[in-house]
Amino acid sequence: MHAVRRAAASGVIDVVVVVAPTAACDEVRALLAPLVPGVVVVPGGAERQDSVRRGLDALPDDVDVVLVHDAARCLTPPAVFAGVVAAVRAGSPAVVPVLPVSDTVKRVAGNTVVETVDRSELVAVQTPQGFAAGPLRAAHAAAAPGTAATDDAGLLESLGHPVRVVPGHQHAFKVTRPVDLVLARALLAEGAP
Ligand SMILES: Nc1ccn([C@@H]2O[C@H](COP(=O)(O)OP(=O)(O)OP(=O)(O)O)[C@@H](O)[C@H]2O)c(=O)n1
Ligand SMILES: C[C@](O)(CO)[C@H](O)COP(=O)(O)O
C-alpha cells in the first residue's frame with residue numbers, strides 16, 4: 001500500500017498492476033482499489049522474475065513505458081518514479097535508480113580477502129526500474145527458464161541494451177531484515193514523503 005501510494009503520487013503512472021501471492025490477491029485488491037481505481041492484481045510466480053513476467057502479461061498492449069518496482073522498497077519517494085520515467089521518455093530503453101556504495105568492498109575466497117574493489121566504479125541499484133515496453137517484453141521472452149536475473153535491467157544488459165543510471169534515494173531501501181522495518185517505521189513516523 002505504501003509503495004502504490006507513492007507511485008500514484010508521482011503523477012507519472014497511468015496503470016498499476018500489482019503482483020501478489022495467490023492467497024492474498026483478493027485482500028490486496030480490496031486494500032488498493034480505494035487508492036487506485038482500476039488497479040489490477042495478479043498472482044505471482046516462484047521467483048521474482050516469474051512474478052514480473054506475470055505482471056507484464058497483465059498490462060494493456062498500448063503501454064509504452066513500464067516501471068518494475070519492488071513492493072519491498074515501499075518508501076521510495078514519488079520523485080524517484082518521476083525521474084526514472086523522464087529518463088526513459090528521453091530515449092533510454094532501460095533506466096535504474098542508484099546510490100553510491102558507501103562501504104569499502106572486498107572480494108573474498110572463503111575467509112580470505114582476494115582484493116579490494118574500486119568502489120568509485122560501483123553503485124547499489126534500486127527500483128523502480130524503467131523500460132521501454134518493447135525491449136522489456138522481449139528480454140523477458142528471451143530469458144531462458146531457470147536463469148533468474150536479480151533485476152530486470154540485467155535481462156536487457158544481457159541482450160546488449162544500454163542501461164542508464166539516475167539518482168536513487170536512501171528511502172528506497174528494501175525492507176528485508178528486521179532492522180529495515182524499524183527504520184521504515186521511524187521514517188513513516190517522521191512523515192517521509
Ligand atoms: N516470487 C517472488 C519473489 C519476490 N517478489 C518481489 O520481489 C521483491 C524482492 O523480494 P525478495 O527477493 O524476497 O527480496 P528480499 O526481501 O531482499 O529477499 P532475499 O534476501 O531473499 O533477496 C519484493 O517486492 C517481492 O514482493 C515477487 O514478486 N515474487
Ligand atoms: C531488483 C533489486 O531490488 C535491485 O536491487 C534486487 O536485485 C532484488 O533482489 P532480491 O534478491 O530479489 O531481493
Side-chain angles (χ1 to χ4, degrees), residues 1-8 13 15-29 31-32 35-36 39-59 66-77 80-81 83-85 87-88 92-103 105 117 119 121-131 135-137 139-140 143 145-159 161 163-185 187:
M1 193 158 120
H2 289 293
V4 169
R5 180 179 293 133
R6 285 165 177 75
I13 309 286
V15 176
V16 177
V17 173
V18 173
V19 185
T22 306
C25 281
D26 288 344
E27 188 186 348
V28 170
R29 200 174 292 112
L31 198 66
L32 295 180
L35 271 183
V36 183
V39 64
V40 175
V41 181
V42 295
E47 303 292 338
R48 183 181 182 282
Q49 193 174 312
D50 304 317
S51 295
V52 174
R53 189 177 297 125
R54 290 182 182 202
L56 275 176
D57 289 345
L59 276 178
V66 179
L67 296 185
V68 181
H69 188 41
D70 290 339
R73 297 185 186 274
C74 51
L75 298 186
T76 304
V80 177
F81 292 85
V84 170
V85 168
V88 177
S92 298
V95 177
V96 296
V98 303
L99 286 182
V101 173
S102 57
D103 292 325
V105 178
V117 181
R119 75 179 183 198
E121 293 185 348
L122 300 180
V123 290
V125 176
Q126 303 179 325
T127 70
Q129 300 190 346
F131 305 94
L136 179 62
R137 288 187 195 277
H140 270 273
T147 56
T150 57
D151 72 349
D152 299 279
L155 294 178
L156 276 84
E157 274 168 66
S158 65
L159 294 181
H161 290 288
V163 179
R164 180 176 162 191
V165 300
V166 296
H169 195 284
Q170 286 190 10
H171 291 189
F173 61 94
K174 252 189 321 189
V175 177
T176 298
R177 301 156 299 177
V179 68
D180 301 325
L181 200 51
V182 175
L183 178 58
R185 286 191 176 122
L187 289 168

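We count ligands from 1, going down the list as the structure has it; atoms in each ligand are counted the same way.
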**Student:** Looking at Val84 and Gln129, what are the two nearest heavy atoms and their distance?
**Tutor:** CG1-C, 4.2 Å

**Student:** For the pair Glu157 (side chain) and Val163 (backbone), establish whether a donor and an acceptor sit closer than 3.5 Å, ignoring hydrogens and angles.
**Tutor:** no

**Student:** Can you tell me if Gly44 has a non-hydrogen atom under 4.0 Å from ligand 1?
**Tutor:** no

**Student:** For ligand 2, does Asp152 get within less than 4.0 Å through its side chain, its backbone, both, or neither, judged by non-hydrogen atoms?
**Tutor:** neither

**Student:** For Lys174 versus Asp180, what's the shortest heavy-atom pair and its separation?
**Tutor:** O-OD2, 3.2 Å

**Student:** Find all atoms of ligand 1 within a distance of less than 4.0 Å from any non-hydrogen atom belonging to Lys174, and give their numbers and elements.
**Tutor:** 17 (O)

**Student:** Answer yes or no for atom 1 (N) of ligand 1: protein heavy atom present at a distance under 4.0 Å?
**Tutor:** yes

**Student:** Hey, mind stepping through Asp152 and Arg48 against salt bridge (Lys or Arg N to Asp or Glu O under 4.0 Å) and telling me if it holds?
**Tutor:** CA-CA 10 Å; Asp152 299 279; Arg48 183 181 182 282; 3.0 Å; yes

**Student:** Is the backbone N or O of His140 less than 3.5 Å from a side-chain atom of Arg53, with the two atoms forming a donor-acceptor pair by type?
**Tutor:** yes

**Student:** Find all atoms of ligand 2 within a distance of less than 4.0 Å from any non-hydrogen atom belonging to Thr150, and give their numbers and elements.
**Tutor:** 1 (C), 6 (C), 7 (O), 8 (C), 9 (O)

**Student:** Using a distance threshold of 4.0 Å (strictly less than), state whether atom 10 (O) of ligand 1 has a protein heavy-atom neighbour.
**Tutor:** no

**Student:** Starting from the C-alpha separation in whole Å, work towards a yes-or-no answer on salt bridge (Lys or Arg N to Asp or Glu O under 4.0 Å) for Asp57 and Arg54.
**Tutor:** CA-CA 5 Å; Asp57 289 345; Arg54 290 182 182 202; over 6 Å; no

**Student:** Under 4.0 Å and counting heavy atoms only, is there anything from the protein next to atom 21 (O) of ligand 1?
**Tutor:** no

**Student:** What do you think, any protein heavy atom under 4.0 angstrom from atom 29 (N) of ligand 1?
**Tutor:** yes

**Student:** Write down the atom of Ile13, the atom of Ala7, and the distance for their closest heavy-atom approach.
**Tutor:** CG1-O, 3.2 Å

**Student:** Below 4.0 angstrom from a heavy atom of Ser51, which ligand 1 atoms are there? Numbered from 1 as shown, please.
**Tutor:** 1 (N), 2 (C), 27 (C), 28 (O), 29 (N)

**Student:** Counting non-hydrogen protein atoms only, what is the nearest one to atom 19 (P) of ligand 1? Give residue, atom name and distance.
**Tutor:** Thr176 CG2, 4.7 Å

**Student:** I need the minimum non-hydrogen distance between His69 and Pro128, along with the two atoms involved.
**Tutor:** ND1-N, 3.4 Å

**Student:** Can you list the ligand 1 atoms lying under 4.0 Å from a non-hydrogen atom of Ala46?
**Tutor:** 1 (N)

**Student:** Less than 4.0 Å from atom 15 (P) of ligand 1, is there any heavy atom belonging to the protein?
**Tutor:** yes

**Student:** Do any nitrogen or oxygen atoms of Arg73 come within less than 3.5 Å of a nitrogen or oxygen of ligand 2?
**Tutor:** yes

**Student:** Just going by heavy-atom distances, which of His69, Arg48, Arg73, Glu47 is nearest to atom 7 (O) of ligand 1?
**Tutor:** Arg48

